[in-house]
Amino acid sequence: MQKTLVIIKPSAIQRALVGKVISRFEKKGLQIVGFKMVYLDDKMLEIHYAHLKEKPFFKRIKESMQVTPVLVIALKGLDAIEVVRKMAGSTNSRKAEPGTIRGDYSMSIQENIVHTSDSVENSTIELARFFKEEEMFEYDPLILPHLYANDEY
Ligand code: ADP
């Protein structure tokens, strides 16, 4: 099974959408295997958003991610990276499909509620960035036989 990183951004925390967003992942059948609140300092954001460092709006993104602490969540499931990314929707929330988190809860490119890992490689790097080994948990969800056929996992 795959693990992926979700960050509940300050836009969701300020708008009191945390429960709604997490509830979607739970209802889908993704297992929470890591969860904590952290403040993202400049250094962390420069690493996490290194691919955007040269963009004119980078300073604005950084400030937006520092309005409140964020919630970092590790989710586990079959094909979790793609599933979670699809649940988030397109970066530009105005273009995100209705039914996705961004499509349902946001109108913004920047204030777009969640971050989700975009590939196997990045999910591994991002999970290690935010979670120590002992902060990630292994446990068997009792509902596993009802989430998947036994030849799927
Ligand atoms: P995603 O979060 O969908 O993987 P990116 O990695 O391209 O998208 O961008 C990271 C974050 O930077 C976005 O989620 C969004 O908050 C912000 N961002 C990206 N592009 C823009 C933009 N053109 N203007 C403002 N903020 C942006």
Side-chain angles (χ1 to χ4, degrees), residues 1-139 141:
M1 291 221 190
Q2 287 181 341
K3 289 178 195 157
T4 190
L5 178 81
V6 170
I7 302 178
I8 311 255
K9 296 185 179 186
S11 48
I13 292 176
Q14 293 288 50
R15 292 178 52 206
L17 291 172
V18 172
K20 284 203 161 69
V21 171
I22 294 171
S23 174
R24 285 185 177 223
F25 295 127
E26 282 191 298
K27 282 193 283 185
K28 175 71 176 165
L30 290 147
Q31 185 191 5
I32 297 173
V33 292
F35 195 121
K36 63 180 177 179
M37 192 170 222
V38 289
Y39 175 77
L40 301 179
D41 62 18
D42 284 356
K43 197 172 147 217
M44 189 62 116
L45 285 166
E46 275 155 30
I47 295 168
H48 185 69
Y49 284 142
H51 59 295
L52 300 173
K53 220 173 158 183
E54 304 309 320
K55 300 277 186 196
F57 50 80
F58 183 64
K59 186 167 173 280
R60 194 152 47 81
I61 298 180
K62 245 181 14 181
E63 285 166 2
S64 146
M65 292 295 285
Q66 293 176 330
V67 168
T68 66
V70 298
L71 292 163
V72 289
I73 307 174
L75 293 176
K76 183 173 169 185
L78 216 59
D79 300 327
I81 297 160
E82 190 189 347
V83 168
V84 168
R85 187 119 184 120
K86 277 198 175 149
M87 288 178 75
S90 319
T91 307
N92 181 346
S93 303
R94 293 190 294 282
K95 301 214 164 123
E97 292 292 323
T100 63
I101 292 166
R102 289 165 171 172
D104 286 353
Y105 297 136
S106 168
M107 284 290 282
S108 171
I109 303 179
Q110 179 177 286
E111 303 301 310
N112 61 2
I113 311 294
V114 281
H115 163 83
T116 61
S117 302
D118 64 3
S119 64
V120 175
E121 193 193 356
N122 282 339
S123 69
T124 307
I125 295 169
E126 290 178 356
L127 287 168
R129 178 175 301 146
F130 291 103
F131 291 98
K132 295 184 196 136
E133 220 168 284
E134 64 269 25
E135 292 174 329
M136 295 272 283
F137 297 89
E138 293 288 337
Y139 62 99

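All residue numbers refer to positions in the sequence shown, counting from 1.
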Minimum-distance pair of heavy atoms, taken over all atoms of Thr100 and Ala96 = OG1-CB, 3.7 Å
More than 12 heavy atoms of other residues, nucleotides or ligands under 6.0 Å from CE of Met1: is that the case?
-> yes
Are the side chain of Asp104 and the backbone N or O of Pro98 linked by a donor-acceptor pair below 3.5 Å?
-> no
Would you say the side chain of Phe57 lies within less than 4.5 Å of the side chain of Ile109, judging by non-hydrogen atoms?
-> no
Run through Ser93, Ser106, Ser64 and flag the one making a side chain to side chain donor-acceptor pair (under 3.5 Å) with Glu111.
-> Ser64
Can you tell me how far OG of Ser23 sits from NZ of Lys28, rounded to the nearest 0.5 angstrom?
-> 13.5 Å
About how many Å separate CD1 of Ile22 and CG of Leu71, when rounded to the nearest 0.5 Å?
-> 6.0 Å
State, yes or no, whether a side-chain contact exists between Phe35 and Ile8 at a heavy-atom distance under 4.5 Å.
-> no
When you look at CD of Glu133, are more than 12 heavy atoms from neighbouring residues, nucleotides or ligands closer to it than 6.0 Å?
-> no
Contacts of Val67 that satisfy side-chain contact (heavy atoms from CB on, under 4.5 Å) - sequence neighbours left out | Pro10, Gln14
Give a yes/no verdict on a cation-pi contact between Lys36 and Phe131, requiring under 6.0 Å between NZ or CZ and the six-membered ring centre and an angle within 45° of the axis.
-> yes
Between Thr4 and Ser123, is there a donor-acceptor pair closer than 3.5 Å when you use the side chain of the first and the backbone of the second?
-> no
Separation between OG1 (Thr68) and CE (Met37), nearest 0.5 Å, reads 6.0 Å
Here the gap from Glu63 atom CD to Phe58 atom CZ, rounded to the nearest 0.5 Å, amounts to 10.5 Å
At their closest point, which heavy atom of Ile113 faces which heavy atom of Arg15, and how far apart are they?
-> CD1-NH1, 3.6 Å
Atom pairs and distances, side-chain donor-acceptor, residues 45-56, under 3.5 Å, sequence neighbours left out:
{"residue": "Glu46", "atom": "OE2", "partner": "Lys62", "partner atom": "NZ", "Å": "2.7"}
{"residue": "His48", "atom": "ND1", "partner": "Arg129", "partner atom": "NH1", "Å": "3.0"}
{"residue": "His48", "atom": "NE2", "partner": "His115", "partner atom": "NE2", "Å": "3.4"}

Could you tell me whether the side chain of Ser108 and the main chain of Gln110 form a donor-acceptor pair under 3.5 Å?
-> yes
Side chain to side chain contact (heavy atoms under 4.5 Å, CB included) assessment of Met87 paired with Val6 = CA-CA 11 Å; Met87 288 178 75; Val6 170; over 6 Å; no
Short question: side chain of Gln66, backbone of Tyr39 - any donor-acceptor pair under 3.5 Å?
-> no
Side-chain contact, heavy-atom cut-off 4.5 Å: Phe130 with Glu135?
-> no
Nearest heavy-atom pair of Ile32 and Tyr139: which atoms, and what distance?
-> O-OH, 2.5 Å
For the side chain of Asn112 and the backbone of Thr91, is there at least one donor-acceptor N/O pair under 3.5 Å apart?
-> yes
Donor-acceptor under 3.5 Å (Arg102 side chain, Val114 main chain) | yes
Could you list the donor-acceptor pairs under 3.5 angstrom formed between side-chain atoms of residues 73-82 and any protein atom two or more places apart in sequence or on another chain?
{"residue": "Lys76", "atom": "NZ", "partner": "Glu138", "partner atom": "OE1", "Å": "3.1"}
{"residue": "Glu82", "atom": "OE2", "partner": "Lys86", "partner atom": "NZ", "Å": "3.2"}

